[in-house]
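Counting begins at 1 with the first residue of the sequence.
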Amino acid sequence: MKIQTALLSVSDKAGIVEFAQALAQRGVRLLSTGGTAKLLAQAGLTVTEVATHTGSPEILDGRVKTLHPKIHGGLLARRDSAEHLKTLEEHNIDRIDILVVNLYPFRETIAKPGCTFADAVENIDIGGPAMLRAAAKNHGTPEGGVTVVIDPADYERVLADIDGPAGQPSYGLRLELATKTYAHTAAYDGAIAAYLSSLSTPEPAQDQAPERNPWPRTLTVQMHQEQTLRYGENPHQAAAFYVDQPVGTGLLGSYRQLQGKELSYNNIADADAAWECVRSFETTACVIVKHANPCGVAIGDSSLHAYQQAFKTDPTSAFGGIIAFNRPVDAATAQAVSGQFVEVLLAPAYTPEALALFAAKKNVRVLQIPQGDAHNAFDVKRIGGGWLVQNPDNYQVPQDAFKVVTTLAPTEQQMQDLMFAWKVAKYVKSNAIVFVGNGMTLGVGAGQMSRIDSARIASIKAENAGLTLASSAVASDAFFPFRDGLDVVADAGASCVIQPGGSVRDDEVIAAANERGIAMLFTGTRHFRH
């Protein structure tokens with residue numbers, strides 16, 4: 001069935017003139033509305049206004065313009081139904097074979113500072129979703145149906161199919177675009193529901209920006225399947241990887257894999273832990289992660305230096321680990337990394353020489369991630385029958401908010417080490433104890449039920465790696481509940497400690513630090529990570 005008519009009404013004008021020109025060249029009649037119609041006419045195209053087509057003018061300040069039988073009849077008539085086609089003829093209704101629609105920019109509108117309630121409501125599209133849903137429903141059968149397009153990236157695919165043997169988009173493409181459309185309208189309605197359910201007052205003033213609760217009563221989450229995975233955490237678990245739409249710049253979901261085997265569930269989880277940690281550093285850094293915990297972190301004069309220092313922390317755990325850099329990887333760094341077994345590499349860029357070296361290790365997964373400062377809007381943890389939702393732990397305690405609670409104050413070098421240790425501790429599973437010295441981790445204790453056990457394990461790790469903890473700095477992600485944890489790190493050689501404070505026995509712990517000649521800072525903020 002030859003393509004007869006296309007209706008184009010878009011807020012995103014990217015590529016629409018060229019697409020309309022291509023359709024017109026193929027003998028397709030163009031219908032349009034408002035600004036889109038004006039733009040096409042200015043480009044010299046013959047375009048029929050929807051109001052002219054329906055014989056009904058736009059009314060109610062444009063709220064009603066496409067809600068008409070000549071539009072929805074043209075969209076919903078089944079192409080394989082003689083009765084439907086006869087009805088169209090009887091009522092002088094033309095088929096609409098292609099629908100190109102973008103919805104009013106509701107999410108963009110409410111994101112503007114000072115957006116009033118009236119402006120938000122006025123940017124709730126009604127006719128657009130109605131047409132999109134109608135067209136998607138009638139994507140048809142292999143014999144014919146409506147092609148619905150919401151994304152300029154799909155224009156070329158539609159034209160390529162029209163130029164094919166069938167003279168119209170294939171059923172497979174129509175079904176794919178219909179599916180994409182329903183996902184789009186669902187997300188759009190979800191954004192509206194989330195906005196309305198976040199209002200703090202039941203009767204918001206129309207001409208003011210309403211007070212909004214950051215946690216709406218209705219939370220709609222929509223993600224796109226990036227890939228199905230071989231299995232989940234264990235081989236008996238099925239799994240898939242989904243990403244936000246769109247993915248924020250700088251987040252793991254925007255990765256590009258340059259080489260290597262397909263990523264596994266655990267690869268992705270560990271890669272995210274490594275990337276989030278390494279991108280938190282402003283100076284050149286390297287992070288090595290094993291089982292979601294940093295087992296080696298260091299800053300350095302170069303990526304090579306940072307890697308060499310990070311590797312020293314725990315060479316045993318680094319075997320088969322995930323390695324992340326926040327600076328480009330050069331040939332010297334690649335040569336050093338190639339000397340160990342590594343599962344995944346992450347960096348913002350690689351030199352051609354580095355990639356040539358990694359190419360010899362075909363199984364190594366090499367990921368490139370653009371640098372950026374995007375953060376997830378929230379973190380979720382799935383529990384039976386629900387979700388726990390929270391803000392991500394992005395809070396950075398200003399250094400002037402730290403409180404020296406001991407008689408002895410940290411030296412300038414100790415302060416640098418304490419700041420480094422505190423940053424690393426944020427990414428270590430609780431209970432977390434991190435020993436550092438001169439910009440590198442010396443021992444990491446993670447995920448223990450007792451903080452004192454984490455302290456002991458960190459000391460053992462350092463001893464096994466042949467590293468001294470003399471004059472080291474220590475970070476604890478939460479307070480020491482008793483002085484025994486402080487005594488363990490002091491016995492190991494710590495000279496200074498950073499911790500949140502807040503225990504009922506803070507005075508006892510402070511007294512122990514003074515007794516042991518240790519400088520100690522309280523941050524007032526903890527970094528639990530479960």
Minimal heavy-atom distance between N514 and T406, with the atoms involved, is OD1-CB, 3.3 Å

What are the two closest non-hydrogen atoms of T525 and T523, and how far apart are they? O-OG1, 2.8 Å

Is the side chain of N326 donor-acceptor paired with the backbone N or O of A285 at a distance under 3.5 Å, no angle test? yes

Test your reading of the model: is there a side-chain donor-acceptor pair from S11 to the backbone of L103, 3.5 Å cut-off? yes

Tell me the ring-ring contact (aromatic ring centres under 6.0 Å, His included) pairs involving residues 256-286, sequence neighbours left out? F281-F420

Can you see whether K461 engages S317 through a side-chain donor-acceptor pair at a distance of less than 3.5 angstrom? yes

Can you tell if the side chain of V158 reaches within under 4.5 Å of the side chain of F19, non-hydrogen atoms only? yes

Using a 6.0 Å cut-off, check whether atom CD of Q371 has over 12 heavy atoms from anything other than its own residue. yes

Verdict with reasoning, R483 to E515, per side chain to side chain contact (heavy atoms under 4.5 Å, CB included): CA-CA 11 Å; R483 70 165 287 166; E515 177 187 321; 3.2 Å; yes

Close side-chain approach of L521 and M419, heavy atoms under 4.5 Å: yes

One pair to check against side chain to side chain contact (heavy atoms under 4.5 Å, CB included): I433 and V488. What are the steps and the verdict? CA-CA 11 Å; I433 294 291; V488 168; over 6 Å; no

Can you confirm whether more than 12 heavy atoms, excluding those of H375, are under 6.0 Å from its NE2 atom? yes

Hey, does the side chain of N123 reach the backbone of D119 with a donor-acceptor pair shorter than 3.5 angstrom? yes

Assess whether side chain to side chain contact (heavy atoms under 4.5 Å, CB included) is satisfied between V221 and W387, documenting all intermediate values. CA-CA 11 Å; V221 178; W387 285 8; 3.6 Å; yes

Can you check whether V509 reaches S503 side chain to side chain, under 4.5 Å on heavy atoms? no

Kindly write out the residues that satisfy ring-ring contact (aromatic ring centres under 6.0 Å, His included) with F106, not counting sequence neighbours, or none if the list is empty. Y195

Under 3.5 Å, side chain of D417 to main-chain N/O of G437, donor-acceptor pair present? no

I'd like to know if the side chain of Y188 and the backbone of Y104 have a donor-acceptor N/O pair within less than 3.5 Å. yes

Test item: R365 and E343 side chains (from C-beta on) under 4.5 Å apart, heavy atoms: yes

Has Q237 got more than 12 heavy atoms of other residues, nucleotides or ligands less than 6.0 Å from its CD? yes

Under the rule for salt bridge (charged side-chain N to carboxylate O under 4.0 Å, His left out), what residues qualify as partners of D506, not counting sequence neighbours? none

What pairs with E226 under salt bridge (charged side-chain N to carboxylate O under 4.0 Å, His left out), at least two apart in sequence or on another chain? none

Show your reasoning for whether side chain to side chain contact (heavy atoms under 4.5 Å, CB included) applies to V444 and V428. CA-CA 8 Å; V444 178; V428 177; 3.9 Å; yes

Return yes if some donor-acceptor pair links the side-chain N/O of T351 with the main-chain N/O of D330 below 3.5 Å, else return no. no

For the backbone of A432 and the side chain of S430, can you confirm whether one donor and one acceptor N or O come within less than 3.5 Å of each other? no

Please tell me if the side chains of V329 and V337 come closer than 4.5 Å, counting only heavy atoms from C-beta onward. no

Using every non-hydrogen atom in the two residues, find where V247 and L251 come nearest and quote the distance to one decimal. CG1-CB, 4.2 Å

Output the distance between atom CD (Q309) and atom SG (C286), rounded to the nearest 0.5 Å. 10.5 Å

Suppose we screen for salt bridge (charged side-chain N to carboxylate O under 4.0 Å, His left out). Which residues come up paired with K429, at least two apart in sequence or across chains? none

Distance-only side-chain donor-acceptor flag, R212 / S198, under 3.5 Å: yes

Is the CZ atom of R382 crowded by more than 12 outside heavy atoms at less than 6.0 Å? yes

Closer than 3.5 angstrom, by distance alone: can the side chain of N102 be matched with the main-chain N or O of V10 as a donor-acceptor pair? no

D373, CG: over 12 other non-hydrogen atoms inside 6.0 angstrom: no

Correct closest heavy-atom pair for L357 and A331 would be CD1-O, 3.4 Å

Using atom types as modelled and distance alone, determine if a side-chain donor or acceptor of N234 lies under 3.5 Å from a backbone N or O of H236. no

Taking the six-membered ring for Trp, are W422 and H527 parallel (under 30°), tilted (30 to 60°) or perpendicular (over 60°)? tilted

Counting neighbours of CD on E463 that are heavy atoms of other residues, nucleotides or ligands and sit closer than 6.0 Å, is the number greater than 12? no

Student check: side-chain heavy atoms of M520 and Q499 closer than 4.5 Å: yes

Distance col, row I323:CD1 vs I288:CD1, nearest 0.5 angstrom, shows 5.0 Å

Is it the case that atom NZ in K403 sees more than 12 heavy atoms from other parts of the structure closer than 6.0 Å? no

What's the shortest heavy-atom distance between V297 and C277, and which atoms? CG2-SG, 4.5 Å

Parallel under 30°, tilted from 30 to 60°, perpendicular over 60°: which one fits the rings of F241 and Y255? parallel

Working to the nearest 0.5 Å, report the span between CG of L486 and CG of D491. 9.5 Å

Contact between R526 and D477 at the side-chain level, heavy atoms closer than 4.5 Å - yes or no? no

Do T284 and S302 come within less than 4.5 Å of each other through their side chains, counting heavy atoms only? no

Point-to-point distance, once rounded to the nearest 0.5 Å, from CG of N464 to OG of S459: 11.0 Å

Using a strict 4.0 Å threshold on nitrogen-to-oxygen distance, state whether D151 and K180 make a salt bridge. yes

Should we say atom CD of Q225 is surrounded by more than 12 heavy atoms from elsewhere, each under 6.0 Å from it? yes

State, to 0.1 Å, how close A273 and A292 come at their nearest heavy-atom pair, and which atoms those are. CB-O, 3.8 Å

With no hydrogens and no angle check, is any side-chain donor or acceptor of K312 less than 3.5 Å from a backbone partner on A465? no

If you measure from CG on D393 to CD on E276, what distance do you get to the nearest 0.5 Å? 11.0 Å

Quick one: which residue pairs count as a ring-ring contact (aromatic ring centres under 6.0 Å, His included) with a foot in residues 469-514, not counting sequence neighbours? none

Measuring from atom CG of L345 to atom OH of Y350, what distance do you get when rounded to the nearest 0.5 angstrom? 5.0 Å

